[in-house]
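Worksheet: the structure to be examined is printed underneath.
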Protein chains: 2
Amino acid sequence: MEHSGTGDPRETLRLLWRENQVRSGRGRPPKVSLAKIVEAAVAVADQDGLDAMTMDKVAAALGVGTMTLYTHVPGKAELLDLMVDAAWRELDLVPAGDWRAQVEHYARQTSNLHERHPWLRGVSTVRPPLGPGLFARQDFLLSALAGTGLPAAQASAAVDAIVTFVEAAAGAQAEHRQAETLSGQSTADWWTDRQVFWEEIFDPDRYPAITQSWQDGGFDRTAAQATTHAFTLGLKALLDGIAAMTSQH
Amino acid sequence: MEHSGTGDPRETLRLLWRENQVRSGRGRPPKVSLAKIVEAAVAVADQDGLDAMTMDKVAAALGVGTMTLYTHVPGKAELLDLMVDAAWRELDLVPAGDWRAQVEHYARQTSNLHERHPWLRGVSTVRPPLGPGLFARQDFLLSALAGTGLPAAQASAAVDAIVTFVEAAAGAQAEHRQAETLSGQSTADWWTDRQVFWEEIFDPDRYPAITQSWQDGGFDRTAAQATTHAFTLGLKALLDGIAAMTSQH
DNA sequence: TTCCATTCCGTAGATCGTACGGTAATGTTT
DNA sequence: AAACATTACCGTACGATCTACGGAATGGAA
């Protein structure tokens with residue numbers, strides 16, 4: 001797992017929050033800018049995965065020497081921070097409807113976001129980049145949950161629980177598709193390659209509940225469908241449970 | 001994010017499911033065994049993180065040349081698969097109580113597991129190693145959810161939703177502690193380093209809900225506490241929601 | 001004793017991030 | 001116009017890392 005939040009704090013915060021500032025006019029005119037570097041890095045990661053997001057490849061995508069990047073960004077860790085916040089800023093979070101509709105809107109937006117940027121799943125979210133994207137999301141969800149009337153401590157925990165579930169479920173969903181493009185092998189083919197498992201290794205007596213569920217048609221046709229199904233059902237259950245808490249206060 | 005399930009299928013399945021087989025007696029006597037390699041790799045990752053789990057370091061921990069490992073394991077990807085399944089096999093899943101007690105038992109066990117092996121968070125769970133650990137977990141949860149009386153398709157989706165949430169929440173919890181030991185910097189110090197943010201950058205007017213929640217005491221004292229709080233509340237809400245579904249069938 | 005299946009491992013090539021120091025290009029000053 | 005200050009560009013090199021290759025070592029079998 002890639003870790004973010006490891007660079008020099010002040011410098012990273014400056015890069016995250018700086019407005020488009022005017023150049024002093026002095027010195028050599030830049031061929032690239034920070035924004036273009038982040039954009040190129042995101043494009044590489046979207047296309048070929050986070051492992052392929054190397055300084056070499058980002059520089060090549062910009063038609064620039066590798067070491068040029070270090071003029072604009074302190075290092076790869078900081079670049080990752082900027083990529084994450086740039087992605088989060090893509091969320092279109094406009095309040096509409098009751099708190100539940102707003103959370104569901106957030107969930108859909110996040111699902112789409114991970115679909116566009118499946119590499120997000122591979123970045124640690126402890127010690128996240130303290131940028132505009134993170135705070136916009138947090139403010140939106142806290143504002144939505146305020147509509148439940150829950151006390152502040154519970155509302156805050158509910159937001160964190162929602163974020164945890166939605167990020168994980170959306171990430172898993174997106175990762176299925178990414179695994180197919182990166183490996184060049186469809187999930188169906190991946191399972192076909194492991195057909196021997198069911199034929200020669202799996203012991204129905206050892207796993208009766210799995211066998212029973214199989215016989216009862218409990219398994220979705222594809223792994224991606226199962227993930228989507230779990231996302232939908234899980235979010236509904238989670239929000240139902242949170243709604244039930246409001247009647248106790 | 002590290003990816004598993006990338007190696008030769010038949011070979012990996014053989015390694016995952018092989019019983020302790022007898023040696024033929026011919027050839028040079030081995031200094032190491034597959035089991036010891038996996039054990040050492042897990043120990044290195046526990047101690048120093050997944051990034052530090054290099055073939056060099058694992059071999060060194062065993063007092064053996066790096067290339068010796070490749071006699072016993074096809075490559076690093078397969079070793080990772082074996083590590084993950086070995087970890088999952090540590091779960092002590094004995095059915096006791098009703099379905100809800102069983103799921104809560106699973107959640108506690110998983111939380112402890114991630115605490116012992118925080119690197120688990122960094123391994124992709126799409127295309128997982130099809131080993132005994134995974135199937136034991138799945139069978140346990142499907143068996144528990146059978147107690148709800150939900151139809152098979154919904155029970156299966158509920159299991160996936162629970163796994164998604166519990167893995168994410170437990171992983172986040174464990175990652176807090178790991179971040180402290182790996183970086184040598186406590187979470188409190190990390191925030192102190194970013195104090196400037198609140199003093200110079202954060203704009204209360206731009207994020208009213210965050211500011212309001214702050215004033216209402218909505219934030220936990222520490223990030224780790226917030227994560228634990230979210231885990232507890234989220235699991236309760238999720239299970240309440242699932243329980244509510246059973247009354248409709 | 002000879003053979004040989006099996007394990008051990010040194011070397012080397014490719015791919016990373018990035019420290020270092022030099023080069024190039026512009027506006028400003030003289 | 002010439003020199004300077006400032007900024008951006010980037011070639012080289014070093015240390016990790018995974019692993020392909022092939023040879024050396026070992027000890028039972030023939």
Side-chain angles (χ1 to χ4, degrees), chain A residues 1-4 6-8 11-12 15 18 21-37 40-41 44-45 48-83 119 122, chain B residues 1-4 6-8 11-12 15 18 21-37 40-41 44-45 48-83 119 122:
Chain A
M1 171 153 305
E2 303 281 339
H3 294 276
S4 62
T6 55
D8 174 49
E11 179 63 12
T12 307
L15 295 174
R18 72 167 179 182
Q21 52 206 9
V22 271
R23 274 194 14 97
S24 68
R26 294 163 62 99
R28 184 178 183 167
K31 285 171 66 174
V32 294
S33 64
L34 179 60
K36 292 204 170 191
I37 291 174
V44 170
D48 302 326
L50 199 52
D51 288 348
M53 199 284 283
T54 68
M55 300 303 264
D56 278 9
K57 293 213 181 76
V58 172
L62 292 165
V64 138
T66 306
M67 292 313 292
T68 298
L69 302 183
Y70 288 88
T71 303
H72 305 273
V73 92
K76 200 190 177 189
E78 289 80 3
L79 178 53
L80 190 61
D81 273 354
L82 294 168
M83 289 170 65
W119 49 268
Chain B
M1 170 155 304
E2 303 280 341
H3 294 275
S4 62
T6 55
D8 174 51
E11 180 62 12
T12 307
L15 294 174
R18 75 167 178 182
Q21 52 206 9
V22 271
R23 273 192 18 94
S24 70
R26 291 165 62 97
R28 186 177 182 166
K31 285 171 68 173
V32 294
S33 63
L34 179 61
K36 291 203 170 190
I37 291 174
V44 170
D48 303 324
L50 200 51
D51 287 348
M53 199 284 283
T54 68
M55 299 305 263
D56 277 11
K57 294 211 181 76
V58 172
L62 292 165
V64 136
T66 306
M67 291 315 291
T68 299
L69 302 184
Y70 288 88
T71 303
H72 304 276
V73 99
K76 200 190 177 189
E78 290 80 3
L79 177 54
L80 190 62
D81 272 355
L82 295 168
M83 290 169 65
W119 49 268

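The basis for the numbers below is simple: all heavy atoms, side chains too, and nothing from hydrogens, waters or symmetry mates. Every chain is numbered from 1, with letters handed out A, B, ... down the list of sequences.
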> Which heavy-atom pair separates B/Gly75 from B/Tyr70 by the least distance, and what is that distance?
Replying inline: CA-CE2, 3.9 Å

> Which nucleotides of nucleotides 1-11 of chain C have their base under 4.0 Å from a protein heavy atom (B), which only their sugar-phosphate (S), and which neither (-), written as one string 5' to 3'?
Replying inline: ----BBBBBBB

> Applying side chain to side chain donor-acceptor pair (under 3.5 Å), which residue pairs with at least one partner in residues 53-68 of chain A are found, sequence neighbours left out?
Replying inline: A/Asp56-A/Thr66

>> Measure CG/A/Leu34 against C1'/D/dA8 and give the value in whole Å, please.
In response: 14 Å

> Is there a donor-acceptor pair closer than 3.5 Å between any side-chain N or O of A/Lys31 and the backbone N or O of A/Leu62?
Replying inline: no

> At their closest point, which heavy atom of A/Val58 faces which heavy atom of A/Ala40, and how far apart are they?
Replying inline: CG1-CB, 4.2 Å

> What heavy-atom pair brings B/Met55 and B/Leu79 nearest, and what distance separates the two atoms?
Replying inline: SD-CD2, 4.2 Å

Please list, pair by pair, any protein nitrogen or oxygen found under 3.5 Å from a nitrogen or oxygen in nucleotides 14-17 of chain D.
residue : atom : partner : partner atom : Å
D/dT17  : OP1  : B/Lys57 : NZ           : 3.4

> Minimum heavy-atom separation for B/Ala52 to B/Val44, with atom names?
Replying inline: O-CG1, 3.5 Å

> Under the side chain to side chain contact (heavy atoms under 4.5 Å, CB included) criterion, do B/Met53 and B/Lys76 qualify, and how do the steps go?
Replying inline: CA-CA 9 Å; B/Met53 199 284 283; B/Lys76 200 190 177 189; 3.9 Å; yes

>> Just so I know, are the side chains of B/Ile37 and B/Val64 near enough to count as touching, which here means a heavy-atom distance under 4.5 Å?
In response: no

> Atom CD in B/Glu78, atom OG1 in B/Thr12: separation rounded to 0.5 Å?
Replying inline: 4.5 Å

> Does A/Thr71 have any side-chain contact (heavy atoms from CB on, under 4.5 Å) partners at least two apart in sequence or in another chain, and if so, which?
Replying inline: none

> To the nearest 10 degrees, what angle separates the axes at the start and end of the helix from C/dT1-D/dA30 to C/dT30-D/dA1, five pairs each?
Replying inline: 40°

> What is the distance from OH of B/Tyr70 to C1' of D/dC21, rounded to the nearest Å?
Replying inline: 13 Å

